[in-house]
Amino acid sequence: MDPVHPDFVPDASLDREEMEALQREIAAQAIFEDDFDFDPGRVRADRETGQQALDATSDGTTDGDAPVVVGVDQAFLDDDRAVSALVALQDGVVIERTHAVAQTEIPYIPGLLSFREGGAILAGFRELTVEPDLAFFDGSGRIHFREAGLATHVGVTLDLPSIGVAKNLLCGRPVASTDGLAEGERVDIEADGDVTAPDGTVVGYAVQSRQYDSPNRYVNPLIVSPGHRVGAATAADLVLSCSAGYKLPEPTRLADKYADDLKSELGD
DNA sequence: GCGACAG
DNA sequence: ATCTTGTCGC
């Protein structure tokens, strides 16, 4: 698939002020509430685990009408080459994988990640032949200084429902401790002075997608935020329904592994 | 000036 | 993100 908004495609040759101005423009176009056609109840992680595997749909056939969810992740081959890896799943089955290599024009700068990795990601989407309903990105969406993190930038550019799944908090303020949550629990992340949204706006959640039973070992929660056309609560719900016994939701976990494999194959 | 900062 | 073996715990 190709960008619906070519003018939003991340351009690494812009200066910092121009990048930030583009982000504000993108945030203004972003929709941080549910606005999609698929049935979120029909999104599932895999066919082996979870309550859903026990119901009538687990008859061994793949539901060709189920939503297509794509996981996206990147790895770096050198200092100036990034590879994006995309894995598309439908009804818990991998139906397509694509990848693309692109030059990294700028270094990592907190708040400007999409200008470093966005080019490779859009190139990966260009190779995708299936029509995705939803995408998970590794990084923030609305939890961003200008409410335009990687997931929002790419989601708006493609006009594709998207969710940001990060391992660390970029900005914002958890309303309670995010330590020792039970599996399935979540804690609101509110906008603070670092975020352009009105103070107190729930811009995402810390989501405990996995946790050990006993008290000696801990798993840190994921930081989930809306990218585009998905509300914060639904974003957290979808991450949990795509989780299958691992910290990362399946689309992201599989894209992660694919990116690692590509790095080995294409690396130096 | 100081601190904070996805991947 | 990336550099990397063993190792603690279930």
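What you see is a predicted model, and the numbers here were worked out from it, not measured in a lab. In what follows, every chain begins at residue 1, and chains take the letters A, B, ... in the order their sequences are listed.
- Look at CZ on A:F76: it is 14 Å from P on B:dA6, rounded to the nearest Å.
- Under the 30°/60° scheme for interplanar angles, the aromatic rings of A:F36 and A:F38 are found to lie parallel.
- If you check every strand for non-hydrogen atoms under 4.0 Å, A:Y212 touches nothing.
- We find that CG of A:L262 is positioned 15 Å from C1' of C:dA1, with the value rounded to whole Å.
- Cation-pi check for A:R97 over A:Y258 is met; the charged atom lies under 6.0 angstrom from the ring centroid and within 45 degrees of its normal.
- Residue-nucleotide stacking is present for A:Y108 and B:dG7, judged by a side-chain ring centre under 5.5 Å from the six-membered base ring centre and planes under 30° apart.
- Separating the CG atom of A:D192 from the C1' atom of B:dG3 is a distance of 13 Å, rounded to the nearest angstrom.
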Before you tell me yes or no, could you show the steps for A:D237 and A:R186 under side-chain contact (heavy atoms from CB on, under 4.5 Å), namely the whole-Å CA-CA distance, both residues' side-chain angles and the distance that decides it to 0.1 Å?
CA-CA 10 Å; A:D237 292 342; A:R186 64 185 71 175; 2.6 Å; yes
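- Following rounding to the nearest Å, A:L150 (CG) and B:dC5 (P) show an atom-to-atom distance of 19 Å.
- Using cut-offs of 30° and 60° for the angle between ring planes, the A:F137 and A:F125 rings count as tilted.
- We find that CG of A:L113 is positioned 15 Å from C1' of C:dT2, with the value rounded to whole Å.
- Residues from residues 9-28 of chain A with heavy atoms under 4.0 angstrom of DNA chain B: there are none.
- For C:dA1, neither phosphate oxygen OP1 nor OP2 lies less than 4.0 angstrom from any side-chain nitrogen or oxygen of A:K263.
- Considering only the side chain of A:D138, B:dG7 comes nearest among B:dG7, C:dA1, B:dC5.
- Taking atom CD1 of residue A:I189 and atom P of nucleotide B:dA6, one finds them 14 Å apart after rounding to whole Å.
- Backbone-only contact: A:A75 has heavy atoms under 4.0 Å from sugar-phosphate atoms and none from a base.
- As a whole-Å value, the separation of A:D194 CG from B:dC5 P is 10 Å.
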Please step through ring pair (Phe, Tyr, Trp, His ring centres under 6.0 Å) for the pair A:H228 and A:F32, ending with a clear verdict.
CA-CA 6 Å; A:H228 182 46; A:F32 299 125; 8.0 Å; no
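- In terms of phosphate contacts, A:N168 brings a side-chain nitrogen or oxygen within less than 4.0 Å of OP1 or OP2 of B:dG7.
- Judged by distance alone, the side chain of A:T201 and the main-chain N or O of A:A191 form no donor-acceptor pair under 3.5 Å.
- The side-chain heavy atoms of A:S162 and A:V230, taken from C-beta on, include no pair separated by under 4.5 Å.
- Contact annotation for A:L77: no contact, since no heavy-atom pair falls under 4.0 Å across all strands.
- In the set C:dC8, B:dG7, B:dA6, the nucleotide with an atom closest to the side chain of A:D73 is B:dG7.
- For A:D78 and C:dC3, the CG to P distance is 12 Å, given to the nearest whole Å.
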